[in-house]
J.: 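Here it is: the structure, laid out below.
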Amino acid sequence: YIAGQEVSNAANVNGTLSVSASRFNNTGTAAEVKFRKMEDQGSSGDDLMAGYSIFSLLYLLGYFILGLILVRYLPGIFREVDEEARESTLLKILIGFVIIVAAFMAFLLLAVSVIGLPIALVSALLFLAALLLSSSFISFSLGRWINERARMKRGELASFAIGFVILNVLFYLPVIGALISVISMSLGLASIIYASRRLAAVCR
């Protein structure tokens, strides 16, 4: 009995030769050959990658539609965050990154205790929502910046769409894509916090 991915037989088998493999090459002899073809692991891996690609595409599409809805009905908030993102950009990237690291450490410390676990869960969900939306705000800001530099009179929805496409293409670049993603989240989060503080001060 032989099992493997690729099996070749060049022997003379007096009895029954049983083989389980994806590919079987038999140049020998046997009284009886029983071959069971196994599923090709390469094809399974290709199917997995295809499924992951479809999921990623649907995720981006849903993310894009959500961004369009938010820009359409909450344009003022996007404009406020855009203004904050353009002021002291490097400083806000650093502040945003420190906040992300500190927040995750705080969530872990809270989750250790039974009393702090509910607080950690709710806070983590709100923080995760802010991180997910941070790239949407940066997409809007990037799109507006491109329109201004190109001197194109595009609406806010078009600005968001342009920025969203460019930013997500940059995310998929090898090596630097992950760095760009971290920068985008850090800048977006810090800008959201600064804009929220300014809006809260105005509302008082």
Side-chain angles (χ1 to χ4, degrees), residues 1-69 93 96-112 117 120-121 123-139 142-143 146 160-189:
Y1 181 79
I2 306 174
Q5 183 69 19
E6 297 183 18
V7 173
S8 296
N9 172 53
N12 296 322
V13 181
N14 293 328
T16 301
L17 174 61
S18 299
V19 178
S20 294
S22 297
R23 287 173 290 276
F24 175 45
N25 180 31
N26 184 23
T27 59
T29 60
E32 183 182 0
V33 177
K34 294 181 179 179
F35 173 54
R36 184 172 67 88
K37 185 175 178 61
M38 298 173 60
E39 183 180 355
D40 195 339
Q41 294 180 1
S43 299
S44 179
D46 292 341
D47 293 341
L48 182 63
M49 288 300 298
Y52 175 77
S53 300
I54 294 173
F55 175 80
S56 299
L57 182 61
L58 293 175
Y59 172 80
L60 284 177
L61 181 60
Y63 201 36
F64 177 69
I65 293 173
L66 175 62
L68 289 176
I69 294 173
I93 291 173
F97 181 76
V98 172
I99 291 174
I100 291 173
V101 175
F104 276 107
M105 292 178 63
F107 295 150
L108 289 175
L109 291 175
L110 284 172
V112 171
L117 183 59
L121 291 175
S123 301
L125 289 174
L126 294 174
F127 188 75
L128 180 60
L131 282 181
L132 290 174
L133 290 175
S134 63
S135 294
S136 296
F137 285 104
I138 298 304
S139 295
L142 177 62
I146 292 173
F160 171 78
I162 293 171
F164 184 88
V165 172
I166 293 176
L167 194 62
N168 280 277
V169 168
L170 293 176
F171 287 164
Y172 281 94
L173 292 177
V175 183
I176 64 172
L179 178 61
I180 295 173
S181 179
V182 172
I183 292 174
S184 174
M185 285 192 297
S186 301
L187 178 59
L189 180 64

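Because only heavy atoms are used, hydrogens play no part in the values below, and waters and symmetry mates are left out as well, while side chains stay in.
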J.: Using a 4.5 Å cut-off on heavy atoms from C-beta on, say whether the side chain of Ser136 contacts that of Leu66.
T.: no
J.: Looking at Ser139 and Ser135, would you say the former's side chain and the latter's main chain have a donor-acceptor pair under 3.5 Å?
T.: yes
J.: Partners of Tyr59 by ring-ring contact (aromatic ring centres under 6.0 Å, His included), sequence neighbours excluded?
T.: Tyr63
J.: Mind checking the CG-CZ spacing from Leu128 to Phe107? Nearest 0.5 Å is all I need.
T.: 9.5 Å
J.: Using every non-hydrogen atom in the two residues, find where Ala111 and Ala120 come nearest and quote the distance to one decimal.
T.: N-CB, 3.9 Å
J.: May I have all residue pairs that pass ring-ring contact (aromatic ring centres under 6.0 Å, His included) and include part of residues 5-38, sequence neighbours excluded?
T.: Phe24-Phe35
J.: Please evaluate residues Leu173 and Leu170 with respect to the criterion side chain to side chain contact (heavy atoms under 4.5 Å, CB included), reporting the C-alpha separation (whole Å), side-chain torsions for both, the decisive distance (0.1 Å), and the verdict.
T.: CA-CA 5 Å; Leu173 292 177; Leu170 293 176; 3.7 Å; yes
J.: Looking at CD1 of Ile146 and CD1 of Ile162, how far apart are the two atoms once the value is rounded to the nearest 0.5 Å?
T.: 7.0 Å
J.: May I have the step-by-step check of side chain to side chain contact (heavy atoms under 4.5 Å, CB included) for Phe127 and Leu189, ending in yes or no?
T.: CA-CA 9 Å; Phe127 188 75; Leu189 180 64; 3.7 Å; yes
J.: Phe64 versus Val165: any side-chain heavy-atom pair under 4.5 Å?
T.: no
J.: With rounding to the nearest 0.5 angstrom, report the CZ to OG distance, Arg36 to Ser20.
T.: 4.0 Å
J.: Hey, could you give me the OG/CD distance between Ser18 and Glu32, rounded to the nearest 0.5 Å?
T.: 7.5 Å
J.: Does CG belonging to Asn12 count more than 12 external heavy atoms closer than 6.0 Å?
T.: yes
J.: What is the distance from atom CG of Asn26 to atom CG of Asn9, rounded to the nearest 0.5 Å?
T.: 4.5 Å
J.: With sequence neighbours excluded, tell me which residues meet ring-ring contact (aromatic ring centres under 6.0 Å, His included) with Phe97.
T.: none
J.: Within this structure, what is the CG-OG distance for the pair Leu167 and Ser184, rounded to the nearest 0.5 Å?
T.: 4.5 Å
